[in-house]
Amino acid sequence: MTTATPASATSVLVRLKLSLLRNGLRQSTGRRAAFVASAVLTLVFALLQLLGFVALRFQSHPESVAVPGVAVLALGWAVMPLFFPGGDETLDPTRLVMLPLRPQTLVRGLLAASLVGIGPVFTLLVLAGCGLALAHGAGWAFAVVGVALALLTCVALARAVAAANVRLLTSRKGRDLAVLSGLVIAIGAQLVNFGAQRLGSGGLGQLQPVADVLSWVPPASALGAVHSASEGSYGVALAQLTLCAVLLAGLIGAWARSLTRLMTSPDGSTLQAADDGGRDRASAGLARLLPAGRTGAVMERTLRYIWRDPKTKAAWVTSLAIGLIVPVFNAIQGTGSLYFACFASGMLGIQMYNQFGQDTSAFWMVAMTVSSPRDAYAELRGRALALLLITLPYATLVTVVTTALLGDWSRLPEVLGLSLALLGAMLATGAWTSARFPYSIPQEGHKNVAPGQAGLAWISIFGGMVASALLCSPVIAATIWLNISEGGARWSWLLLPLGAAYGAALALTGLRLAAPRTAARLPEILVAVSKG
């Protein structure tokens, strides 16, 4: 009689990761197609990166790209669990706390399982390209060790971050961290664009000081060791490899301690909720500053949606980021115009569109309080004032910052007046389209429009933007006339009060016209926004 040899925990966890991937692909044909397409595109991109790094072997200063590239790659692994906590089910170690395993055993198994997937393969190819770009002579031996150390450090970094923040990432508020990904991507894209333009004019040598510093920062130091060894500095190379190994050991130790804490300490579901009776409400101070009556209540509700609802918060974060990035980064690069500051008003004015769709099925509670056009006007006015509470100072700030960067203070009044006129026009058209073309915003997933309502969304947003541009045409015409007429620049300051007054008139008129339509179409609006 023979006894079966028990499988090691590491092999079991690796097979578990493969089973999760395989079973996930079995759910639907669309999911399989999306996985295959993303895998192919990722591998193609990684291979192109590898070929690009190989081409750097024949260029001067290859380390100025390879070493910072590893640092950026490690940064991506560090923030991935924070922005995409649902991207990998095995990132949540609380699913394994009931298994009779010690934390050290779990660490070994999960570290091996973490090497299975598209992300690790992409990272390995990029790191291999960095090693090929830097390795010469004895550097080849250091390249093999350095690439392996850098890969393990990146994976351990992601796991340690996920384990340390797992209670946060698995909570509702923690998942709201994902809204920051839009901000990071927007800023990162502009930084990459700005950096590429600088490199194109000055060459790779401009990155050499950065590479020199990062070559001592693990895990980039593992690839810095390859360059040092290729240059014959073997002592320096060993020191850089040692730094990476020390960081890897530290990350694994921190990861093990986090697992121990998760496996032995109770979570919020087993603890009695704290008494909130003695605590002041967070919005108590704000509520005292808002107007009394329905207007103040609607403003507070709208501001709460902006702060608490993930989809609404994501839209606002993205608009605030892009509204600042576009004019400021173009001004820094010397290719922008002061009129780009109007982009802030345009991005924030979009938030007025589909006001009732943001309420989803909860809109029925609002509908119960609207029995006349007067009630509808008060509701729309409160929502518009809540938006103005943020958009007015923000649009002004962006305009002033852009003006300061360009040094063209004489045009500040006319640009700010144009921004205020545009904001008023978008509040007017947004109120009207919210009543005429409402659509539902699904609360789950990444879609912002319910199936079958994409046409309504396109008509509402883009139709409203075109109408806003047409409504602003008198202020635009006045701006052009004062700039081309002789002596008109002396009177350009009048465009600020003119734009502010015109924008306020447009907003009030739009709210007045939208109120009767909102009151008359309450049943249709309720059905439309509840489909998600």
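What you see is a predicted model, and the numbers here were worked out from it, not measured in a lab.
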For residues 121-130, please give each side-chain donor-acceptor pair under 3.5 Å, one per line with the distance, not counting sequence neighbours.
{"residue": "Thr123", "atom": "OG1", "partner": "Trp77", "partner atom": "NE1", "Å": "2.8"}
{"residue": "Thr123", "atom": "OG1", "partner": "Gly119", "partner atom": "O", "Å": "2.9"}

Throw together a table of side-chain donor-acceptor distances under 3.5 angstrom for residues 337-344, partners on residues two or more places apart or in other chains.
{"residue": "Ser337", "atom": "OG", "partner": "Tyr339", "partner atom": "N", "Å": "3.3"}
{"residue": "Tyr339", "atom": "OH", "partner": "Glu414", "partner atom": "OE2", "Å": "2.4"}

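The nearest pair of heavy atoms linking Gly146 to Leu241 is CA-CD2, 3.9 Å. Taking both residues in full, the closest heavy atoms of Leu214 and Pro68 are given as CD1-CA, 3.7 Å, listed atom of the first, atom of the second, then distance. Shown here for Val67 and Ser215, the closest heavy-atom pair between the two residues is CG1-N, 3.7 Å. Nearest heavy-atom pair, Leu422 versus Ser345, reported as atom, atom and distance to 0.1 Å: CD2-CB, 4.3 Å. Heavy-atom minimum distance, Ala321 versus Tyr394: N-OH, 4.3 Å. Considering every non-hydrogen atom in both Leu56 and Ala133, the closest pair reads CB-CB, 4.3 Å.
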Criterion side chain to side chain contact (heavy atoms under 4.5 Å, CB included) on Leu223 and Val226, from CA distance to verdict: CA-CA 5 Å; Leu223 274 296; Val226 179; 4.2 Å; yes
Derivation and outcome, side chain to side chain contact (heavy atoms under 4.5 Å, CB included), residues Val415 and Thr403: CA-CA 9 Å; Val415 174; Thr403 304; 5.9 Å; no
Full working for side chain to side chain contact (heavy atoms under 4.5 Å, CB included) between Phe53 and Leu134: CA-CA 9 Å; Phe53 280 116; Leu134 300 174; over 6 Å; no
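Considering only residues two or more places apart in sequence or on other chains, Ala74 meets the side-chain contact (heavy atoms from CB on, under 4.5 Å) condition with Cys154, Pro219. For Ala254, the side-chain contact (heavy atoms from CB on, under 4.5 Å) test picks out Arg257, with sequence neighbours left out. Evaluation of the side chain to side chain donor-acceptor pair (under 3.5 Å) rule for Ser258 yields no partner, not counting sequence neighbours. Under the side chain to side chain donor-acceptor pair (under 3.5 Å) criterion, Asp408 pairs with Ser410, Arg411, not counting sequence neighbours. The side chain to side chain donor-acceptor pair (under 3.5 Å) test applied to Thr105 returns no partner, not counting sequence neighbours. For Ile118, the side-chain contact (heavy atoms from CB on, under 4.5 Å) test picks out Phe35, Ser38, Ala39, Thr42, with sequence neighbours left out. Among residues two or more places apart in sequence or in another chain, the side-chain contact (heavy atoms from CB on, under 4.5 Å) test is passed with Leu132 by Leu50, Val54, Trp140.
The closest side-chain heavy-atom distance from Ile390 to Leu303 is below 4.5 Å. Side-chain contact between Val398 and Pro327 is present, with at least one heavy-atom pair separated by less than 4.5 Å. No side-chain heavy atom of Leu111 sits less than 4.5 Å from a side-chain heavy atom of Leu115. Taking 4.5 Å as the limit, every side-chain heavy atom of Leu387 sits out of range of all side-chain heavy atoms of Leu348.
One distance of note links CG of Leu110 with CD1 of Ile252; it measures 11.5 Å at 0.5 Å rounding. From Thr312, atom OG1 reaches atom CZ of Arg304 across 14.0 Å, with rounding to the nearest 0.5 Å. Atom CG of Asn354 is separated from atom OG of Ser460 by 6.0 Å, given to the nearest 0.5 angstrom. Note that CD of Gln351 is 10.0 Å distant from OG1 of Thr391, once rounded to the nearest 0.5 Å. Within the model, atoms CE of Met426 and CD1 of Ile461 stand 9.0 Å from one another, a figure rounded to the nearest 0.5 Å. The structure places CG of Leu248 at 10.0 Å from CH2 of Trp255, a figure rounded to the nearest 0.5 Å.
In this structure a side-chain-to-backbone donor-acceptor pair under 3.5 Å is missing from Ser319 to Trp316. Although no hydrogens or angles enter the test, the distance criterion places no donor-acceptor pair under 3.5 Å between the side chain of Arg159 and the main chain of Val107. Side chain of Lys313 to main chain of Ile306: no donor-acceptor pair is present (N/O by atom type, distance under 3.5 Å, no hydrogens or angles).
Residue pairs meeting the side-chain hydrogen bond (donor to acceptor under 3.5 Å, both in side chains) criterion with at least one member in residues 219-234, sequence neighbours excluded: Ser228-Gln240.
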